[in-house]
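Everything on this sheet refers to the single structure shown next.
None of the values given here were measured: they were computed from a predicted structure.
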Amino acid sequence: MTTTSGAPVAYGLALPDLRGATHLLHPARGDETLWRIERTRVEGRTPVETAVDSRRAVLGMDGGDVEIDRASATTTFRASTLPTDLEVVHPHLASTAVTVAHWTGRIALHAGAVVVDGRVWAVLGERGAGKSTAMYSLVGAGYPLVTDDVLVLDGARVLPGPRCIDLRRPTAEHYGVGEDIGVVGRRRRWRVELPGSGRDDRLDHDLELAGLVHLAWGDHLAVTEVPLDQRWPALLEGLALKLPPADQRGMLRLLALPTVRFQRPQRFAEVDRAAHTLGRELSRWGARRATPAAAG
């Protein structure tokens, strides 16, 4: 089901019920999937087990649960304290984005992403790898944000997420940024909202993925290519939903993209230099990949 209603958009979903968070979303272009958000206050909700099938997903949340229904294209939050529009947009909308991507044969990665030279690089990292810090430092280095935590791919096309980054306290304090929005989801968050522009919005709709970056800690800065035989397990680990992906060809296409490991010291004094170094290296990788095609 698509819409031309002009509802704000994230992850390829048109979200008319989240008007209170429009500034964190994107303008519609008309081919998005219309998705409704409902909220029902309940008391004493029994914890649920996560379950996903071809028609419905049920996920636990603090004080309640989330039901994602394919037939009605609706996500329903049931809890004693219901999430605001801003809290639904990030982080709660991610579970809907991941589930809908699975149903529609798209790929969803647990990754942030930025634009380098007009194309998107995904940034993946396990818990504790410093992904949010890396994302904020890349944005500070001049690379536009595509998404903070979940990257949805429609073939080669990237569907951008909300315009915000949720930091952890040490990073927020280091930079002196972010609004303390309390515990939302599984952790306490310091939110940085990022302004959009009409030009960036139009570009976002047609951006393609250039490659993948896997974060690692180390004693010095280094950007190295990930060997082909190590890419498949790393890619599977990066899937946002631990189910066999419907788009197997898409997974193979991802394997063929430039894939690098970004190693950097675990020190705030190195964060900004690391971001600039990574940006320059990704620009080189992108140019290197484009050269043979141009020559052909």
Side-chain angles (χ1 to χ4, degrees), residues 1-16 18 24-37 52 54-55 57 68-71 73-75 89-91 93-124 135 144-163 196 200-213 231 235-236 238-259 286 289:
M1 178 166 52
T2 60
T3 179
T4 56
S5 67
V9 170
Y11 306 119
L13 304 176
L15 303 157
L18 298 179
L24 299 183
L25 302 173
H26 302 265
R29 74 175 195 178
D31 62 350
E32 293 85 6
T33 299
L34 178 63
W35 204 267
R36 307 303 306 226
I37 303 295
V52 181
S54 62
R55 297 174 299 174
I68 306 166
D69 185 74
R70 186 174 187 175
T74 301
T75 295
V89 163
H90 193 50
L93 187 62
S95 60
T96 295
V98 168
T99 303
V100 175
H102 177 70
W103 286 335
T104 54
R106 293 169 173 167
I107 294 173
L109 299 175
H110 185 86
V114 293
V115 180
V116 180
D117 295 339
R119 300 182 72 202
V120 176
W121 283 83
V123 180
L124 299 90
M135 297 307 303
L145 180 77
V146 175
T147 189
D148 175 30
D149 197 46
V150 167
L151 178 64
V152 177
L153 301 170
D154 182 11
R157 178 179 160 217
V158 173
L159 304 179
R163 293 193 190 99
D200 287 341
D201 291 335
R202 288 194 294 273
L203 286 173
D204 281 350
H205 284 302
D206 298 307
L207 289 173
E208 292 190 355
L209 190 66
L212 300 97
V213 179
R231 294 185 187 183
L235 192 54
L236 290 179
L239 289 174
L241 189 63
K242 304 305 181 186
L243 291 174
D247 187 3
Q248 294 288 341
R249 290 185 178 180
M251 293 289 285
L252 293 176
R253 286 194 297 269
L254 292 184
L255 287 180
L257 292 177
T259 303
R289 179 176 173 82

Heavy-atom pair of closest approach, residues A240 and V98 = CB-CG2, 3.5 Å

task = State, with a plain yes or no, whether a side-chain heavy atom of V158 is found less than 4.5 Å away from one of L153.
result = yes

note = Smallest heavy-atom separation, G6 atom then A28 atom, equals CA-CB, 4.1 Å

inquiry  = Which heavy atom of L145 sits nearest to which heavy atom of M135, and what is that distance?
reply    = CD1-CE, 3.8 Å

query = Taking H26 for the side chain and Y11 for the main chain, is one N or O donor matched with an acceptor at less than 3.5 Å?
reply = no

query = Are R253 and D247 side-chain neighbours, meaning at least one heavy-atom pair lies under 4.5 Å?
reply = yes

key: Spacing of CD1 belonging to I68 relative to CH2 belonging to W35, to within rounding of 0.5 Å   = 7.5 Å

key: Note, V100 side chain near V152 side chain (heavy atom, < 4.5 Å)   = no

note = Heavy atoms of A94 and V150 approach each other most closely as CB-CG2, 3.7 Å

request  = Verify side chain to side chain contact (heavy atoms under 4.5 Å, CB included) between H90 and L24, making sure each step is shown before the conclusion.
outcome  = CA-CA 9 Å; H90 193 50; L24 299 183; 5.9 Å; no

task = Please report the C-alpha distance between L235 and T259 in whole Å, then the side-chain angles of each, then the deciding distance to 0.1 Å, and finally whether the side chain to side chain contact (heavy atoms under 4.5 Å, CB included) criterion is met.
result = CA-CA 10 Å; L235 192 54; T259 303; over 6 Å; no

key: D148 vs P162 side-chain heavy atoms within contact, under 4.5 Å   = no

query = What's the shortest heavy-atom distance between T99 and A57, and which atoms?
reply = CG2-CB, 3.9 Å

task = Work out which heavy atom in A113 is nearest to a heavy atom in L151; give both atom names and the distance.
result = CB-CD1, 4.0 Å

Test item: R157 side-chain N/O and E208 main-chain N/O as donor-acceptor pair under 3.5 Å = no

ask   = Roughly how far, to the nearest 0.5 Å, is the CZ atom of R36 from the CG atom of L18?
value = 9.5 Å

inquiry  = With rounding to the nearest 0.5 angstrom, report the CG to CD1 distance, L159 to I107.
reply    = 11.5 Å

request  = Determine whether L239 and M251 make a side-chain contact, defined as any pair of heavy atoms from C-beta on separated by less than 4.5 Å.
outcome  = yes

remark   = d(I37 CD1, T74 OG1) to nearest 0.5 Å is 8.0 Å

ask   = Atom CG of D149 and atom OG1 of T147: how far apart are they, to the nearest 0.5 Å?
value = 7.0 Å

task = Show your working on side chain to side chain contact (heavy atoms under 4.5 Å, CB included) between E32 and L13 and close with a plain yes or no.
result = CA-CA 5 Å; E32 293 85 6; L13 304 176; over 6 Å; no

Any donor-acceptor pair under 3.5 Å from R70 side chain to S54 backbone = yes

key: Gap between atom CG of L25 and atom CG of L93 - 0.5 Å precision   = 8.0 Å

